[in-house]
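Contents: one structure, followed by commentary.
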Amino acid sequence: MTTPARRPDARALIDIVLDPGSWRSWDEPPADRAEPGSAYAEELAAARAKSGYDEAVITGEGLLDGRRVAVVICEFSFLAGSIGVAAADRLVAAVERATRERLPLLAAPASGGTRMQEGALAFVQMVKITAAVSAHRAAGLPYIVYLRHPVTGGVFASWGSLGHVTAAEPGALIGFLGPRVFESLHGYPFPEGVQVAENLYAHGLVDAVVAAEDARRVAARALSVLTAGRREVTVTGPEPVGPVRPVQAWEAITRSRRDDRPGVRALLKLGACEVTPLHGTGAGEEDPGMLLALARFGAAPAVVLGQDRGRRRTAPGLGPAGLRVARRGMRLAAELGLPLVTVIDTAGAALSKTAEEGGLAGEIARSMAELVMLDAPTVCLILGEGAGGAALALLPADRVVAAQHAWLSPLPPEGASAILYRTVDFAPEIAVSQRVGATQLAADGIVDRVIPELPDAAYEPAAFCRRVAGTLEYEIAGLLARPADKRRAARLARYRDLGR
């Protein structure tokens, strides 16, 4: 593991992340639990003298790009950043104050975990801290975590792992059981390269690995979306263009499969702003075929989850982990009251032993169930291919819009042809008879609006992506203006009445 020569301490990190001169401490002198004259009391006194801190946690508030935020941050030089009763009390008081005052909360742990000198009583403080952070999240308030070197033990297993967005310091040691403890208990070293920030990112446990100097930018950009909540959005432009020219289904399918057709990444790059990529499920899984991000389309904030056509050649079809990434996005939208945009662009779900044993069918069902019942405004964009259950999992939204050459089908038409005729040769005719094209989907009430391609998204990627972004902004604004209960009732009625 490569460790930078110098890492900022707590006060230096505050100076890096917050607006200059905006820091205000919330801390009162800690109430020590050490008996006067005891060895522990001497350790505390020595730690204060050496580190210049009065406890392992400091808390307060400041401005981040002019936005008021609460901060809780560990100082590792004070008894290895360990958490005892006094530190936990300070931390919980800050979290509860942030909740009362409706402030976003930034946390920057750097800790060896529970303070051994205080034993079991210190150990169970993690429950108290977890409860406070959970209440903060339940109040619909953002919680952003920056894991610094090192974070281990109960701190990692509690408030270090509960962020809506989680970043980590490059090369940071991050793990449940510290390597020194592991080797002492088992007699051999822990495998190298496992408990390191970059490996956690590779396994979908953190969203980014960034240096302290970039942490400010990441947090500010994420908060610009996370704090938007259910505020209404005013759109100044005209309503998106109306009906478009019908396209033969097979022509649309052929065009949707072009390698140079813009996908969800192009949409975010060319049509969105304030984009913050998120990574993985946060629970040890990731799928390159599912993109998750925070973004704005014009004035409209959104959690975006979309099937990434750009990874189709290098990765198998969408698997169970990809749908668990999607469900993370759904929960994030619901918890913070953010609009959710789902992007369908898939040739189909993964067909493999791993996918079957990983519960693919169940994940499709759970994704549909969570999405159709979600307490957040939802817009589905059918951007290109829409084959099978992987597409259906992201479909049931308040509003469904489709690109002119997008389509939706139970199977790729070749698969349907093989079922009906034992050959793929009748795929073009099957596509027509199944009414899979965007204009047919609109006529059947599955799609609400078709976005034109002039004449093909591949020929005008920037203009097309701006057109899509404008449509998404318009649809999100309309949904935010409606009461949540009426919006969800209309969504359920929509799908109940389809085909009648």
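Worth saying up front: this structure is predicted, and the values here are computed from it rather than measured. Each residue takes its place number in the sequence, starting with 1.
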- Message: Tell me whether S111 contacts the main-chain N or O of G81 through its side chain, where contact means a donor paired with an acceptor under 3.5 Å.
- Response: yes
- Would you find a donor on one side and an acceptor on the other, under 3.5 Å apart, between the side chain of H405 and the backbone of E453? no
- Looking at CG of L64 and CG of L18, how far apart are the two atoms once the value is rounded to the nearest 0.5 Å? 6.5 Å
- Message: Before you tell me yes or no, could you show the steps for E101 and R68 under salt bridge (charged side-chain N to carboxylate O under 4.0 Å, His left out), namely the whole-Å CA-CA distance, both residues' side-chain angles and the distance that decides it to 0.1 Å?
- Response: CA-CA 10 Å; E101 299 186 18; R68 189 177 173 220; 2.4 Å; yes
- When you check the gap from the basic side-chain N to the acidic O, do D345 and R261 get nearer than 4.0 Å? no
- Task: Could you tell me whether the side chain of R217 and the main chain of E213 form a donor-acceptor pair under 3.5 Å?
- Result: no
- Quick one: do R258 and D260 make a salt bridge, cutoff under 4.0 Å? yes
- Message: I need the M330 CE to R366 CZ distance, nearest 0.5 Å.
- Response: 12.0 Å
- Query: Between R296 and E473, is the closest basic N to carboxylate O distance under 4.0 Å?
  - Reply: no
- Query: Side chain of Y53, backbone of F76: donor and acceptor closer than 3.5 Å?
  - Reply: no
- Message: How long is the straight-line distance from OG1 of T59 back to CZ of R97, given to the nearest 0.5 Å?
- Response: 8.0 Å
- Item | Ionic contact status for R399 with E475, cut-off 4.0 Å | yes
- Any donor-acceptor pair under 3.5 Å from D287 side chain to G319 backbone: yes
- Do the charged groups of E274 and R221 touch, with an N to O distance under 4.0 Å? no
- Any donor and acceptor pair, going by atom type alone, linking the side chain of E460 with main-chain N or O of L454 inside 3.5 Å? yes
- Query: Looking only at atom types and distance, does a side-chain atom of T471 sit under 3.5 Å from a main-chain N or O of R467, one as donor and one as acceptor?
  - Reply: yes
- Query: Rounded to the nearest 0.5 Å, what separation is found between the SG atom of C380 and the CD1 atom of I446?
  - Reply: 11.0 Å
- Message: Quick check for you: to the nearest 0.5 Å, what is the distance between D65 atom CG and L63 atom CG?
- Response: 9.5 Å
- Message: Can you pull out every salt bridge (charged side-chain N to carboxylate O under 4.0 Å, His left out) where at least one residue sits in residues 200-212? Sequence neighbours excluded, please.
- Response: D207-R328
- Task: Before giving the answer on salt bridge (charged side-chain N to carboxylate O under 4.0 Å, His left out), spell out for R216 and D19 the whole-Å C-alpha distance, their side-chain angles and the decisive distance to 0.1 Å.
- Result: CA-CA 9 Å; R216 169 184 169 87; D19 295 355; 2.9 Å; yes
- Message: Could you measure the distance from the CG atom of L381 to the CG atom of L395? Nearest 0.5 Å is fine.
- Response: 11.5 Å
- Any donor-acceptor N or O pair under 3.5 Å, side chains W159, T130: no
- Query: Taking only residues at least two apart or on different chains, which pairs with a member in residues 133-161 satisfy salt bridge (charged side-chain N to carboxylate O under 4.0 Å, His left out)?
  - Reply: R137-E335
- Parallel, tilted or perpendicular for H136 and Y143, by the 30°/60° rule? perpendicular
- Salt bridge flag under 4.0 Å for residues R90 and E28: no
- Message: Test your reading of the model: is there a side-chain donor-acceptor pair from T342 to the backbone of L394, 3.5 Å cut-off?
- Response: yes
- Item | K128 and D89: CA distance, side-chain angles, deciding distance, salt bridge (charged side-chain N to carboxylate O under 4.0 Å, His left out) verdict | CA-CA 9 Å; K128 178 166 68 179; D89 283 345; 2.6 Å; yes
- Are D375 and R488 within salt-bridge range, i.e. N to O under 4.0 Å? no
- Verify whether one side chain among W26 and E61 offers a donor that lies under 3.5 Å from an acceptor in the other. yes
